[in-house]
Amino acid sequence: MSHYLIVGQKFSPLSDYILAHGDTYTLLQDVKKTKFPEKKFKHRILADFSNRDSVLATVGTLQKSFDGVITVYENYVVATSWISEYLGLPGLPVSVAEACTDKYQMRSLFAKSSEKISPAFAEVTNETEVRLFAQQHGFPLILKPANLAKSLLVTRNNDLDELIANYQKSTELLQDTYKKYASSRTPKLIIEEFMEGSVHSVDAFVDSNGTPHILEHIVDYETGYDIGYDDNFHYSRIIPSSMSSEDQNALRRCAETGIKALGMKNSPAHVEIIMTKDGPRIVEIGARNGGYRERMHRLANGIDITGASLQLARGEQPTITATKNSGCAVLELFPKTPGNYEMISNIDTMESLPSLEYLSIKARLGDFVGKSSDGYRAVAIIILANDDIEKLNYDRNFINKHCRVVTR
């Protein structure tokens, strides 16, 4: 029986998987992320994640032997590397974990690669630096936090007035957004060239030798901008990819180059890439599985993503061979107009679609809902799956055209 240390927050699909396979786990939970710190739970130990010493002090009190350390959340990638190093277990080197969670450090390592795999960028701390970068590179430009997830506070800026307005808004929201979603991180903004092209992700598992084992199936994205929203969220994630075989091979090569540039090992790698007219360019690499990938690759490809992650945590080679080639799509719904949540249009028809696998509405009636770029989360999450790709696309197109978040 293997015993895993899950770091930061509980992810039920992971903990349930571990128990279902006859193993066990201890959850080292962030005390700031629990509603009931006074309660005692069988598998839970609370820890203060505000700094390395406090985390390792708690780990040092655990009278248990672990076979692997794992997290599924971006905010705890660095802490997981501290712990795996402390316990002498397989994990990301600490410096690599820091680079994987800070886009400024990440871009700096990409810039040393033998080929261009990422855009020009800079950290900005004042309006003068913002104006200087714009003068040197032109528009459009992307302004984003260096170390937040879920497209929070990410904006596309088409001219100087828009850029300065979004910079001012981002600086006003920055502290509170970090406090809410990443309290242990230092707030930081970067500016970078906008990359025109289609958005994709390549997922991989990097073994203890630093060799990337790359999944064959690439995920295509649609962003908020693609569907006519003034917001840079990921609207849809789709398997199988509609890209040509040649372009898919180029995306995989780019992902491998980026993973090696960071020096990753003993970790999943989630690589977001834009296919520009000049070739693939990496948006970011996360040292974790991509959002919803456990379900997507299980439903579409028969791949056990969770099992592969646990294999890496034990220092073993990952098993990622696909056993089928079906279709899956994940949609995140945001409001086009911020306001109080009223409903999702045509939801009754949506619920009867043959491809509907999962529907979760996150907002309650009357809740204020808004843009991802203003720090809000998705109102609804929809997962479609179908062996018949034409039927999957038909159902997805119905949602695209007829299902909207209605606000008042």
Side-chain angles (χ1 to χ4, degrees), residues 1-31 33-34 36 39-47 49 55-56 58-93 97 203-209 211-213 215 264-270 286-323 358:
M1 181 174 72
S2 295
H3 190 168
Y4 300 98
L5 184 61
I6 301 175
V7 179
Q9 288 179 257
K10 186 176 182 180
F11 182 60
S12 294
L14 172 61
S15 56
D16 292 348
Y17 180 102
I18 290 171
L19 295 177
H21 284 74
D23 297 320
T24 191
Y25 70 92
T26 295
L27 169 65
L28 190 68
Q29 186 170 29
D30 187 344
V31 67
K33 296 293 185 180
T34 178
F36 307 105
K39 291 189 175 182
K40 302 294 183 182
F41 293 99
K42 180 180 178 181
H43 294 282
R44 187 183 79 171
I45 302 293
L46 297 180
F49 280 81
V55 171
L56 296 185
T58 302
V59 174
T61 67
L62 302 179
Q63 302 298 311
K64 300 174 182 179
S65 176
F66 297 101
D67 299 282
V69 184
I70 189 168
T71 190
V72 297
Y73 293 104
E74 183 98 357
N75 290 348
Y76 302 103
V77 166
V78 173
T80 302
S81 72
W82 297 339
I83 295 167
S84 60
E85 179 184 70
Y86 178 81
L87 295 176
L89 292 170
L92 274 174
D203 291 282
F205 294 88
V206 192
D207 65 23
S208 58
N209 297 315
T211 301
H213 299 256
L215 269 64
M264 298 180 74
K265 59 176 62 177
N266 301 308
S267 175
H270 172 61
R288 55 177 174 77
N289 295 322
Y292 313 109
R293 292 313 187 275
E294 292 86 359
R295 289 191 182 186
M296 291 188 73
H297 288 296
R298 173 176 57 82
L299 291 167
N301 312 130
I303 299 174
D304 184 356
I305 294 295
T306 303
S309 298
L310 292 171
Q311 286 175 315
L312 290 184
R314 298 192 302 266
E316 301 172 1
Q317 294 290 298
T319 303
I320 59 168
T321 302
T323 59
Y358 174 84

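- Considering all non-hydrogen atoms of both residues, G307 and Y17 come closest at CA-OH, 3.3 Å.
- Looking at every heavy atom in both residues, D23 comes nearest to S2 through OD1-N, 2.9 Å.
- For the atom pair OG1 of T321 and CG of N301, the computed distance is 11.5 Å after rounding to the nearest 0.5 Å.
- The line from CG of L46 to NZ of K33 is 14.0 Å long, rounded to the nearest 0.5 Å.
- Closest approach of T58 and T61 over heavy atoms only: O-OG1, 2.6 Å.
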Distance-only criterion, 3.5 Å: show the donor-acceptor pairs between side-chain atoms of residues 76-83 and protein atoms not counting sequence neighbours.
{"residue": "Y76", "atom": "OH", "partner": "D30", "partner atom": "OD2", "Å": "2.7"}
{"residue": "T80", "atom": "OG1", "partner": "Y76", "partner atom": "O", "Å": "2.6"}
{"residue": "S81", "atom": "OG", "partner": "V78", "partner atom": "O", "Å": "2.6"}

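- Contact detail for G286 and M264: the closest heavy-atom pair is O-CE, 4.4 Å.
- When the side chain to side chain contact (heavy atoms under 4.5 Å, CB included) test is applied to K64, the partners found at least two apart in sequence or on another chain are H3, T26, F66.
- Residues T24 and H43 have side chains in contact (heavy-atom distance under 4.5 Å, counting atoms from C-beta outward).
- A heavy-atom distance below 4.5 Å is found between the side chains of I70 and S309.
- Panel note: side chain N209, backbone T211; no donor-acceptor pair is recorded below 3.5 Å.
- Two residues are said to be in side-chain contact when any heavy atoms from C-beta on lie closer than 4.5 Å; L28 and V59 meet this criterion.
- Listed here is the closest heavy atom pair of H213 and I320: O-CD1, 3.5 Å.
- Remark: the backbone N or O of K39 is paired with a side-chain donor or acceptor of R44 at under 3.5 angstrom.
- For the atom pair CG of D304 and NE2 of H21, the computed distance is 6.0 Å after rounding to the nearest 0.5 Å.
- Rounded to the nearest 0.5 Å, atoms CD (Q29) and CD1 (I45) are 10.5 Å apart.
- Counting only distance, with no hydrogens or angles, the side chain of R293 and the backbone of G291 share a donor-acceptor pair below 3.5 Å.
- D203 places none of its side-chain heavy atoms less than 4.5 Å from the side chain of I305.
- With a 4.5 Å cut-off on side-chain heavy atoms, V7 and Y73 do not count as touching.
- When every heavy atom of N289 is checked against every heavy atom of E294, the shortest pair comes out as ND2-OE2, 3.5 Å.
- In this structure, the side chains of K10 and Y25 come closer than 4.5 Å at one or more pairs of heavy atoms.
- Separation of atoms CG (L14) and CG (L310) is listed at 6.0 Å; rounding is to 0.5 Å.
- Residues S15 and L27 are not in side-chain contact: their nearest non-hydrogen atoms beyond the backbone lie 4.5 Å or more apart.
- Every residue two or more places apart in sequence or in another chain that forms a side chain to side chain contact (heavy atoms under 4.5 Å, CB included) with S208 is listed here: N266.
- Here L89 contributes atom CG and Y4 contributes atom OH; the two are 11.5 Å apart, rounded to the nearest 0.5 Å.
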